[in-house]
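Each chain gets a letter, A, B and so on, in the order its sequence line appears, and its residues count up from 1.
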Amino acid sequence: MKLLSAFRSSYLNRRGTTFRSLDPSSFDGGFIPKPSPSSIFWLAIHCLCCLISLILGFRFSHLVLFFLFSTSVTNLYTTTAGVSQLLKLKPLEKANVTAKSSRVVVGRHGIRIRPWPHPNPVEVMRAHQLLERVQKEQKSLYGVRSPRAVIAVTPTYVRTFQALHLTGVMHSLMLVPYDVVWIVVEAGGKSNETASFVGKSRLKTIHVGFDQKMPNTWEDRRRVESKMRIQGLRIVREEKLDGVVMFADDSNMHSMEFFDEIQNVKWFGAVSVGILAHSGNAEEMVMSMDKRREMEEEESSSLSSLPVQGPACNATDKLIGWHVFNTLPYAGKSAVYIDDVAAVLPQKLEWCGFVLNSRILWDEAESKPEWVKEFGLLNENEGVESPLSLLNDPSMVEPLGSCGRQVLLWWLRVEARADSKFPPGWIIDPPLDITVAAKRTPWPDVPPEPPTKKKDQMSLSQGNTVVTIPKQHQQQQQQQQQRASKVRKPKRRSKRSKHEAKPTDTTTQVSSSTKHHQERN
Amino acid sequence: MKLRSWVLIFIACNLLTFSTISAFRLSRSQPTERISGSAGDVLDDNPVGRLKVFVYELPSKYNKKILQKDPRCLTHMFAAEIYMQRFLLSSPVRTLNPEEADWFYVPVYTTCDLTPNGLPLPFKSPRMMRSAIQLIASNWPYWNRTEGADHFFVVPHDFGACFHYQEEKAIGRGILPLLQRATLVQTFGQRNHVCLKQGSITVPPYAPPQKMQSHLIPGKTPRSIFVYFRGLFYDVGNDPEGGYYARGARAAVWENFKDNPLFDISTEHPTTYYEDMQRAIFCLCPLGWAPWSPRLVEAVIFGCIPVIIADDIVLPFADAIPWEDIGVFVDEKDVPYLDTILTSIPPEVILRKQRLLANPSMKQAMLFPQPAQPGDAFHQVLNGLARKLPHDRSVYLRPGEKLLNWTAGPVADLKPW
């Protein structure tokens with residue numbers, strides 16, 4: 001600690017002195033007037049010189065001071081020159097001579113290693129705090145000047161994979177370094193499942209129910225989702241929320257850079273979305289890839305084979321069109337029902353690739369550009385396929401992410417089988433007591449051994465040996481005895497049968513050890 | 001008495017306001033900081049009009065032919081001597097009339113005799129220098145007029161004009177006797193050392209500006225490395241037992257911090273060296289065989305706070321750049337406590353140092369760009385020379401007065417080149 005304070009004080013002292021080490025009597029700017037007369041005198045000289053320089057427009061004062069001090073400086077150096085003369089004559093006795101003028105000695109030095117040359121955890125923590133502070137400063141310098149709130153609109157409904165999807169979205173939104181308002185629109189009305197996620201997120205949330213139930217085909221689901229998103233936008237308009245609206249579909253994955261990038265949107269922006277057209281059937285996937293390769297050979301890249309959807313720019317970074325995911329390889333083989341084992345294809349332009357300034361949705365036409373349709377007059381029954389229908393002029397969309405070159409989020413649709421059930425709230429209650437047979441276990445069933453003799457030995461040895469396997473084995477043996485009465489042979493779940501296999505070896509080991517004990521005793 | 005005190009207070013207030021205004025100057029992208037007053041502003045001085053330099057026309061065997069023999073001299077860290085001549089030949093401070101010149105420049109490339117590895121051999125340099133001086137002394141009267149006191153030479157080698165790479169031998173030789181009165185522009189700087197004479201101008205070693213510019217990464221990349229260093233810790237070829245190389249300081253760094261996660265130190269030569277420096281907060285600049293190193297230049301360009309571990313080192317342009325405020329100085333004996341020292345620096349101090357480093361005039365002063373740009377190292381050298389003007393009356397010798405001993409020094413140096 002002493003060292004620490006010594007370092008700090010010496011460091012601060014060094015800061016206080018000026019860089020002109022030749023000039024020991026110089027003042028530090030003369031702003032702290034000390035009561036001694038000499039310092040006041042120097043202060044006066046400095047003021048006078050500054051005034052003269054102001055008048056003359058020429059750095060007069062420093063030349064004067066330099067010449068004043070140059071004489072004293074030359075005296076200093078002549079003495080050291082004299083020392084260096086001595087050095088030239090007697091190179092071997094450097095150590096004694098240089099100790100007066102310089103503490104640096106030429107020659108072999110020891111390698112200083114402190115007694116315990118390992119990191120100190122307190123210092124490591126402090127270093128991390130310094131790193132954090134520096135990075136915070138960097139962010140404030142190069143990042144967004146005045147960050148706006150992020151308004152995430154998520155359509156969802158209760159199903160097996162909802163927990164998987166919503167957890168991902170929830171965690172992504174919780175990590176966003178800006179204010180977040182999460183609008184969750186749920187098909188089939190509000191439910192406890194969704195409410196628990198929304199509540200866990202510790203974000204500002206708006207959870208509303210939507211009257212329709214989610215249909216069973218992808219086509220219809222898209223339509224209902226669009227309607228739900230419009231509902232969410234309506235909420236933004238009614239509550240007059242201010243910020244950047246993005247569409248966080250519950251099965252998508254967002255990168256953190258996405259949230260940083262959308263802060264740059266002025267009115268209406270588009271980002272590139274990675275399309276993960278997942279199919280449940282691996283063979284199908286391979287076939288579609290081959291087909292795609294065939295098509296690439298036939299046509300000369302008129303269709304993009306990248307799984308990306310987003311804005312397309314020309315060389316001067318102006319929006320000229322849209323990249324659309326190439327669905328031809330999947331023609332006829334895409335999923336229709338939600339639980340089909342086939343590739344789920346996106347529509348032409350997914351909602352999630354667009355972000356908008358929430359002021360577009362507001363009532364008053366404050367500074368809204370004319371190429372935006374009035375949201376309040378939107379006719380839903382016409383069908384709102386993509387957010388571009390909110391605009392009069394789709395060419396005014398701003399391409400984000402270095403003009404669509406960065407893929408900032410990924411689109412994925414994966415759902416469980418239609419008949420899959422999941423425990424409500426994912427809490428198993430009452431506890432499971434039915435063990436389903438694991439068919440085709442690779443190890444043979446172990447017949448239950450009569451445990452009488454060995455049980456006594458076990459109880460003796462438990463005090464001496466610190467082996468827990470005998471206890472388990474004991475338990476299992478008891479269970480085995482209980483179950484032996486049942487007609488059905490107890491083929492346990494894989495976990496338990498593993499344990500079953502082991503005791504055959506350990507019993508022999510334990511018994512040998514106990515024998516050993518007994519022999520000793 | 002009262003009136004005087006009021007006047008003083010009034011003047012003090014004015015000074016306060018003026019200095020605080022100049023203390024911060026917000027630039028477009030990052031608020032940088034300038035040390036107000038004499039220090040930081042001096043970097044922006046324009047030497048044009050303040051001095052005149054006459055460049056001697058030496059036969060090309062002293063400069064061009066040597067360069068032709070080995071073009072590697074253009075890219076190694078001693079290339080400053082070559083670029084200095086090129087800059088002066090086309091600079092507005094050059095004058096073709098030696099009568100009106102304040103300073104005389106002798107373009108002799110003493111550091112261009114390279115081994116196959118690229119390291120310069122200094123053995124012929126004293127003779128070369130001596131021969132050049134004999135030439136100018138016999139062909140022009142200006143050397144004899146002042147015995148070289150208004151001449152300047154660029155000697156960027158390890159120990160300057162001592163012309164040896166081994167420190168003990170360099171100290172033994174001392175500065176070339178003929179250069180005793182001249183001004184030396186050198187990279188070596190250590191207080192109270194034989195090879196740094198009074199009035200020398202310390203310059204940074206040459207670092208290729210284009211190469212560094214091409215490795216810049218966006219400023220928003222977060223600095224996630226605490227301490228960064230790449231280089232040798234033990235010079236196994238020349239000092240296998242350790243203790244000689246870097247006075248044991250680099251070995252101490254390795255032994256104490258090789259398992260410390262905060263210290264990203266190794267002997268590798270990664271291709272992302274420059275990019276990594278931009279992702280680090282502190283960059284170690286320990287001494288090697290000589291106290292200076294291009295790491296200082298690289299650290300300043302990439303905004304990494306230099307941690308200078310070299311006792312009594314004199315840093316480049318020390319009278320114009322406030323190194324104490326910009327870098328962290330650690331004594332060689334304190335190297336085992338480097339982690340304590342660095343982690344106990346308050347965050348405001350670190351941020352201030354980074355702001356000072358971000359000052360573009362700071363970065364410009366460390367570079368030797370071609371073509372020369374205002375505020376770069378060439379101009380700082382000229383500023384330094386201008387600050388030494390006007391010459392003292394005593395540099396002009398009376399006719400017949402001789403101060404230099406032309407036969408001093410080792411016998412081998414007296415042989416013709």
Return the set of residues passing side-chain hydrogen bond (donor to acceptor under 3.5 Å, both in side chains) with B:Asn256 (not counting sequence neighbours), or none when no residue passes. none
According to side-chain hydrogen bond (donor to acceptor under 3.5 Å, both in side chains), who are the partners of B:Tyr234, at least two apart in sequence or on a separate chain? B:Glu255
At what distance, to the nearest 0.5 angstrom, does NZ of B:Lys220 lie from CG of A:Asp260? 7.5 Å
Engaged part of B:Asp392 at the chain A interface, taking heavy atoms whose separation is under 4.5 Å: neither
B:Arg247 and A:His109: which non-hydrogen atoms are nearest, and at how many Å? O-CB, 3.3 Å
Atom CD1 in A:Ile111, atom CZ in B:Arg250: separation rounded to 0.5 Å? 13.0 Å
Could I get the full list of salt bridge (Lys or Arg N to Asp or Glu O under 4.0 Å) partners for A:Glu261, not counting sequence neighbours? none
If you count heavy-atom pairs under 4.5 Å with chain A, which of B:Pro222, B:Gly248, B:Ala252 comes out on top? B:Pro222
Does a side chain donor of either B:Ser224 or A:Gln135 reach within less than 3.5 Å of an acceptor in the other side chain? no
Examine distances only and state if a side-chain atom of A:Gln138 and a backbone atom of B:Arg223 form a donor-acceptor pair shorter than 3.5 Å. yes
Are A:Arg108 and B:Glu241 ion-paired here, with the side-chain N under 4.0 Å from a carboxylate O? yes
Neighbourhood of chain B inside residues 114-121 of chain A, taking heavy atoms under 4.5 Å as contact: A:Arg114, A:Pro117, A:His118, A:Pro119
Spacing of CZ belonging to A:Arg126 relative to CD1 belonging to B:Ile345, to within rounding of 0.5 Å: 11.0 Å
Looking at chain A, which one of B:Pro347, B:Pro218, B:Gly219, B:Ala251 has the largest number of heavy-atom pairs inside 4.5 Å, strictly under? B:Gly219
Identified side-chain contact (heavy atoms from CB on, under 4.5 Å) counterpart of B:Phe226 within the set A:Val134, A:Leu130, A:Val124: A:Leu130
Select, from B:Asp339, B:Val335, B:Leu262, B:Leu342, the one with the greatest count of heavy-atom pairs under 4.5 Å involving chain A. B:Asp339
Using non-hydrogen atoms and a 4.5 Å limit, figure out which bit of B:Tyr245 sits close to chain A: side chain, backbone, both or neither. neither
Heavy-atom distance under 4.5 Å to chain A: side chain of B:Lys333, backbone, both or neither? both
Has A:Lys136 got more than 12 heavy atoms of other residues, nucleotides or ligands less than 6.0 Å from its NZ? no
